[in-house]
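The block underneath contains the structure these notes are about, expressed in structure tokens.
Just so it is clear: chains get the letters A, B, ... in the order the sequence lines come, proteins before strands, and each one is counted from 1. Values below: every heavy atom of this structure, side chains too, minus hydrogens, waters and symmetry copies.
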Amino acid sequence: MPSRLMPKADIEALFARFEAANPHPQTELNYTSPFTLLVAVVLSAQATDAGVNKATKELFAAAPTPQAMCALGEEEIRQHIKTIGLFNTKAKNVFALSKILAKDYGGTVPKDRAALEALPGVGRKTANVVLNVAFGEPTMAVDTHIFRLANRLGLAPGKTPRAVEDGLLKRIPARYMRHAHHWLILHGRYICKARKPECARCLVRDLCRYPDKTG
DNA sequence: AACTCGGGGCA
DNA sequence: TGCCCAGAGTT
């Protein structure tokens, strides 16, 4: 099996291109604060982004803070997110974590991995997104897109999300860590798709270590 | 590390 | 129908 590890120089070039093409990448998830970001990511688990975007727009208009979310109540939350997958569990989790944030953290989102991962519905991936996007910490959130791209491109091949996360942290230059998550996730969503990657439109095709390039 | 959970989207 | 999705929780 040929090495699929992308050379460091190529990784530099890859992110330089992403940065040139999209200097200020933004997630498509609808959020305006650490709290709404946290909830948006919790809701996005195993759900399509279009549905989550619509649901969060409604939900956050009604309740943009933990206190407001508590006042809204679990049943009302459920009604707002009824169009996305796993809405039952997610409504329960959003209500429960809002209560915890309101009671134990004065309505703020803790800038602390252990505290975040202790919240219902929040795992390592969600905690990393919040730490990176909301608080600017150098973490890499490995979701299905990032996991796929790390292996396809050869950025940090690995069998488990944690192995990929560690590899990405080591191999991505520090100055790109702040936006790497957004660049990769948008690339995975629209170009390097799971089913039919559109290599013909790919900005970094010549750097890619994916053996089955098409298009 | 592997399995379960549990809805909608899309081929 | 069958497989996938911007995962988390449990065993």
Side-chain angles (χ1 to χ4, degrees), chain A residues 18 22 25-60 74-75 77-98 100-101 109 113-135 139-153 155-168 177-198 214:
Chain A
F18 279 147
N22 190 2
Q26 281 193 321
T27 179
E28 296 190 341
L29 299 183
N30 185 323
Y31 70 93
T32 56
S33 70
F35 173 68
T36 51
L37 171 65
L38 172 61
V39 174
V41 178
V42 167
L43 294 180
S44 73
Q46 295 299 103
T48 57
D49 58 309
V52 173
N53 204 317
K54 183 174 183 297
T56 52
K57 193 173 180 183
E58 285 185 21
L59 180 63
F60 297 154
E74 182 178 327
E75 186 51 38
I77 295 172
R78 194 193 321 279
Q79 294 306 319
H80 280 296
I81 67 173
K82 216 166 178 62
T83 56
I84 65 177
L86 311 180
F87 65 87
N88 218 355
T89 304
K90 289 170 181 175
K92 191 184 298 283
N93 285 340
V94 168
F95 184 57
L97 72 83
S98 296
I100 294 173
L101 294 181
V109 176
R113 172 183 300 286
L116 287 169
E117 290 188 16
L119 297 171
V122 179
R124 187 175 185 87
K125 181 261 176 177
T126 299
N128 278 340
V129 171
V130 172
L131 289 171
N132 186 344
V133 178
F135 299 127
T139 66
M140 278 304 306
V142 179
D143 50 48
T144 58
H145 284 320
I146 307 292
F147 185 83
R148 183 178 70 253
L149 263 62
N151 280 288
R152 268 192 193 166
L153 290 165
L155 289 174
K159 290 194 168 188
T160 67
R162 188 54 189 273
V164 168
E165 177 184 332
D166 292 341
L168 289 174
M177 205 63 75
R178 183 72 177 83
H179 296 303
H181 177 74
H182 281 339
W183 283 320
L184 291 174
I185 208 161
L186 292 174
H187 187 64
R189 173 80 178 85
Y190 291 112
I191 306 294
C192 199
K193 298 181 291 188
R195 310 230 174 76
K196 262 181 68 180
E198 298 191 25
T214 58

Mind calculating the distance between [atom1] ([X]) and [atom2] ([N]) to the nearest angstrom?
| X | N | atom1 | atom2 | answer |
| --- | --- | --- | --- | --- |
| A/His145 | C/dC4 | NE2 | P | 14 Å |
| A/Leu116 | C/dG7 | CG | C1' | 15 Å |
| A/Asn128 | C/dG7 | CG | C1' | 13 Å |
| A/Arg148 | C/dG7 | CZ | C1' | 15 Å |
| A/Lys193 | C/dC3 | NZ | C1' | 16 Å |
| A/Leu43 | C/dA8 | CG | P | 12 Å |

Would you say A/Lys82 has more than 12 foreign heavy atoms packed within less than 6.0 Å of its NZ?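 Atom NZ in A/Lys82 is packed in, count exceeds 12.
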A/Pro120 or A/His181, whichever maps to the more 5' nucleotide of DNA chain C: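 That would be A/His181.
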Earlier contact from the 5' end, DNA chain C, for A/Thr27 and A/Glu117: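 Taking each residue's closest nucleotide, the earlier one in sequence belongs to A/Thr27.
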State whether A/Thr144 places a side-chain N or O below 4.0 Å from either non-bridging phosphate oxygen (OP1 or OP2) of C/dG7.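 Yes.
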Check each of A/Val39, A/Leu116, A/Leu131, A/Val42 against A/Thr126 using the side chain to side chain contact (heavy atoms under 4.5 Å, CB included) test, and report the only one that passes.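 Exactly one candidate clears the test, A/Val42.
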Could you tell me whether the side chain of A/Lys125 and the main chain of A/Val41 form a donor-acceptor pair under 3.5 Å?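 No, because the side chain of A/Lys125 does not come within donor-acceptor range (under 3.5 Å) of the backbone of A/Val41.
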Applying ring pair (Phe, Tyr, Trp, His ring centres under 6.0 Å), name anything that partners A/His179, two or more places apart in sequence or on another chain.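 Testing A/His179 for ring pair (Phe, Tyr, Trp, His ring centres under 6.0 Å), a comparison that skips the adjacent residues, returns A/Trp183.
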Mind jotting down which residue pairs meet the side-chain hydrogen bond (donor to acceptor under 3.5 Å, both in side chains) criterion with at least one end in residues 25-34 of chain A? Sequence neighbours excluded, please.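 Residue pairs passing side-chain hydrogen bond (donor to acceptor under 3.5 Å, both in side chains), neighbours aside: A/Glu28-A/Tyr190, A/Ser33-A/Thr36.
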Contact between A/Asn128 and A/Glu165 at the side-chain level, heavy atoms closer than 4.5 Å - yes or no?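 Contact flag for A/Asn128/A/Glu165 side chains = yes.
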Could you check whether any side-chain heavy atom of A/Asn93 comes within less than 4.5 Å of a side-chain heavy atom of A/Leu119, counting everything from C-beta outward?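 Contact flag for A/Asn93/A/Leu119 side chains = no.
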Determine the contact category for [X]: base if any of its heavy atoms lies under 4.0 Å from a base atom, sugar-phosphate if only primed atoms, P, OP1 or OP2 are that close, otherwise nothing.
| X | result |
| --- | --- |
| A/Gly51 | nothing |
| A/Ile146 | nothing |
| A/Val42 | nothing |

Grab the N/O contacts between the protein and nucleotides 4-11 of chain B below 3.5 Å, and write none if there aren't any.
{"residue": "B/dG7", "atom": "N2", "partner": "A/Gln46", "partner atom": "O", "Å": "2.8"}

